[in-house]
Amino acid sequence: MTTTRGLEGVVATTSAISSIKDDVLTYRGYSIQDLAEQSTFEETIYLLWNGELPTADQLQAFKAELAENASVPNELFEFMKNYPLETVHPMAVLRTAISTLGIYDPDAELMDKQSNKEKAIKLQAKIATLVAGFARIRQGLQPVVPNKSLSYAANFLYMLKDRVPSEVEAQMFDKALVLHADHELNASTFTARVCVATLSDMYSGITSAIGALKGPLHGGANEQVMRMLERIGSIEWVDDYILNALENKKKIMGFGHRVYKNGDPRAKILKTMARTLSEMSGDSRLYDMSLKIEILMKEKKGLLPNTDFYSATLYHILGIDHDLFTPVFAISRTSGWAAHILEQYNDNRLIRPRAEYNGPRLRRVTPMAQR
Ligand code: SDX
């Protein structure tokens, strides 16, 4: 048997959802640049789940379905009030909340196509409400009731701050959601597919995926990028911090990628968005530091930023708490996870690879008295 560490380069499935080829990322054949400019997050979700962009009527009906399903059982918020709010990480809360949501869905165990599609809608609609609700609860505030007249992106920011966002804020956030929606067989999507390939239910699949996304080598990196920028503090300390970290063989969060070697196309778009918002806000401190880090990382390690690098600055300027950056990633990626889960169910086979054993050779159990 041959082994490949971290399954690098291993093609584990076929999929018609998203593709990374020659550093170009497409969803269902459309480039993400095109989608970020010409579609909304709702259109992108529809595309990922149905294979085609919606017509105006289909979009209207889909948005109505999402809005209708946005509220969550109040019990979930009541549970959250009893969590150790000072210390618990919002990704741990989200992982638990999605699992709990399954308990309250009477159709959670139904496995026909229609029920699974309905579960995808419920999960997508409710995950934003759960993240925003927890953000309020930990501040001792009441969750804000979803506003059906707002877009998905605008409604999340509204539920987070109890204030309707400006058009620019909503648009920028909407684009960020489009850009994070799917990414081929990344670790969390693979996790979701492995889980549901046992014919487990969609709530289990998304819960497992959230667990995988949480780690700092994956989605958790966006929060760590922000922590690094805070620790550096000012542009004149960038060189010291980065050179010292590299000398000590530390990973610089938001850099490198298993698949992209010439740069992550999403990072380029997010960089432009972060610059625009920084200029508009009149405070470009984080953007300027980020730019300097990018130049230094290219020079010293030949590494380029990934999607988690400039999204940190963007979310900070949008006023999102730093430990909510990864839950925000999860909100967007739920669309991709659900698309992959539906695809997996459609042509399922158990995912069960082998391990090459490198432990002790066959031996006998020594009786207790002689050990
Ligand atoms: C996401 O897979 C996806 O598609 C994920 C994602 C998605 O949309 O789903 O794109 C989202 O998860 C982005 C990645 C977020 N993670 C980080 O930003 C954490 C920092 N980056 C790395 O730890 C790393 O680059 C990974 C985890 C992203 C990729 O890991 P690999 O492919 O296993 O690469 P590696 O760790 O084996 O690194 C190869 C070399 C090593 O040097 P050598 O030992 O060969 O000398 O590159 C170096 C590494 O030390 N390296 C870094 C580095 N990333 C790689 N050195 C310093 N800082 C880094 N960030």
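These values consider heavy atoms only, across backbone and side chains, with no hydrogens, waters or symmetry-generated copies. Residues take their numbers from the sequence shown, with the count starting at 1. Remember, it's 1-based here, ligands and their atoms both numbered in the order they're listed.
Under the 4.0 Å distance rule, the nearest protein heavy atom to atom 2 (O) of ligand 1 falls inside the cut-off. Not a single protein heavy atom sits closer than 4.0 Å to atom 30 (O) of ligand 1. Atom 58 (N) of ligand 1 lies below 4.0 Å from at least one non-hydrogen atom of the protein. Distance check for atom 37 (O) of ligand 1: every protein heavy atom is found at 4.0 Å or beyond. Within a 4.0 Å radius of atom 52 (C) of ligand 1, the protein contributes at least one heavy atom. Remark: atom 5 (C) of ligand 1 lies closer than 4.0 Å to at least one protein heavy atom.
In this structure a side-chain-to-backbone donor-acceptor pair under 3.5 Å is missing from R266 to H180. Put simply, the side chain of K249 never gets that close to the backbone of A245: no donor and acceptor are under 3.5 Å apart. A side-chain donor-acceptor contact under 3.5 Å links Y27 to the backbone of A181. The closest donor-acceptor contact from the side chain of Q124 to the backbone of S335 lies under 3.5 Å. Judged by distance alone, with hydrogens and angles left aside, the side-chain atoms of K261 form a donor-acceptor pair with the main-chain N or O of R258 at under 3.5 Å. The main-chain N or O of P305 is never found under 3.5 Å from a side-chain atom of E294 such that the two would form a donor-acceptor pair.
Heavy atoms from both the backbone and the side chain of H257 come within less than 4.0 Å of ligand 1. Residue contacts with ligand 1, taken as heavy atom pairs separated by less than 4.0 Å, do not involve V225 at all. With a 4.0 Å heavy-atom cut-off, ligand 1 is reached by the side chain of R266 but not by its N, CA, C or O. With a 4.0 Å cut-off on non-hydrogen atoms, R333 touches ligand 1 through its side chain and not its backbone.
From the protein, the heavy atom lying nearest to atom 16 (N) of ligand 1 is L217 O, 2.9 Å. The shortest contact between atom 13 (C) of ligand 1 and any protein heavy atom is with D308 OD2, 3.6 Å. Taking atom 42 (O) of ligand 1 as the reference point, the nearest protein heavy-atom neighbour is K301 NZ, 4.5 Å. For atom 55 (C) of ligand 1, the closest heavy atom belonging to the protein is L303 CD1, 3.9 Å. The nearest heavy-atom contact from the protein to atom 17 (C) of ligand 1 is A221 CB, 3.5 Å. For atom 20 (C) of ligand 1, the closest non-hydrogen atom on the protein side is F255 O, 3.4 Å. For atom 11 (C) of ligand 1, the closest heavy atom belonging to the protein is H218 ND1, 3.7 Å. The protein heavy atom nearest to atom 34 (O) of ligand 1 is R258 NE, 4.8 Å.
No hydrogens or angles considered: a donor-acceptor pair under 3.5 Å links the side chains of D105 and Y203. In this model, no donor atom of one side chain and acceptor atom of the other lie less than 3.5 Å apart for S281 and D283.
Geometrically, ligand 1 and K250 share no nitrogen or oxygen pair separated by less than 3.5 Å. Residue-to-ligand polar distances place I252 within reach of ligand 1: an N/O pair is separated by less than 3.5 Å. Between G254 and ligand 1, at least one N/O pair is under 3.5 Å apart.
Nearest to atom 49 (C) of ligand 1 by heavy-atom distance, out of H180, K251, E184, M253, is K251. Of the candidates H183, E8, M297, H183 brings a heavy atom nearest to atom 7 (C) of ligand 1.
The side-chain hydrogen bond (donor to acceptor under 3.5 Å, both in side chains) check on E78 picks up K81, with sequence neighbours excluded.
The residues R227 and E223 are annotated as salt-bridged, a charged nitrogen and a carboxylate oxygen being separated by less than 4.0 angstrom. Contact check on E65 versus K117 returns no salt bridge, with no Lys/Arg side-chain nitrogen under 4.0 Å from an Asp/Glu carboxylate oxygen. Comment: K175 does not engage E37 in a salt bridge, judged by the lack of any side-chain N to carboxylate O separation of less than 4.0 angstrom.
In this structure, P216 is part of the shell of residues with a heavy atom less than 4.0 angstrom from ligand 1.
Each side chain to side chain donor-acceptor pair (under 3.5 Å) pair with one or both residues in residues 319-331, not counting sequence neighbours, appears once here: R138-D321, R138-D323, N222-T326, E230-H322, H316-H322.
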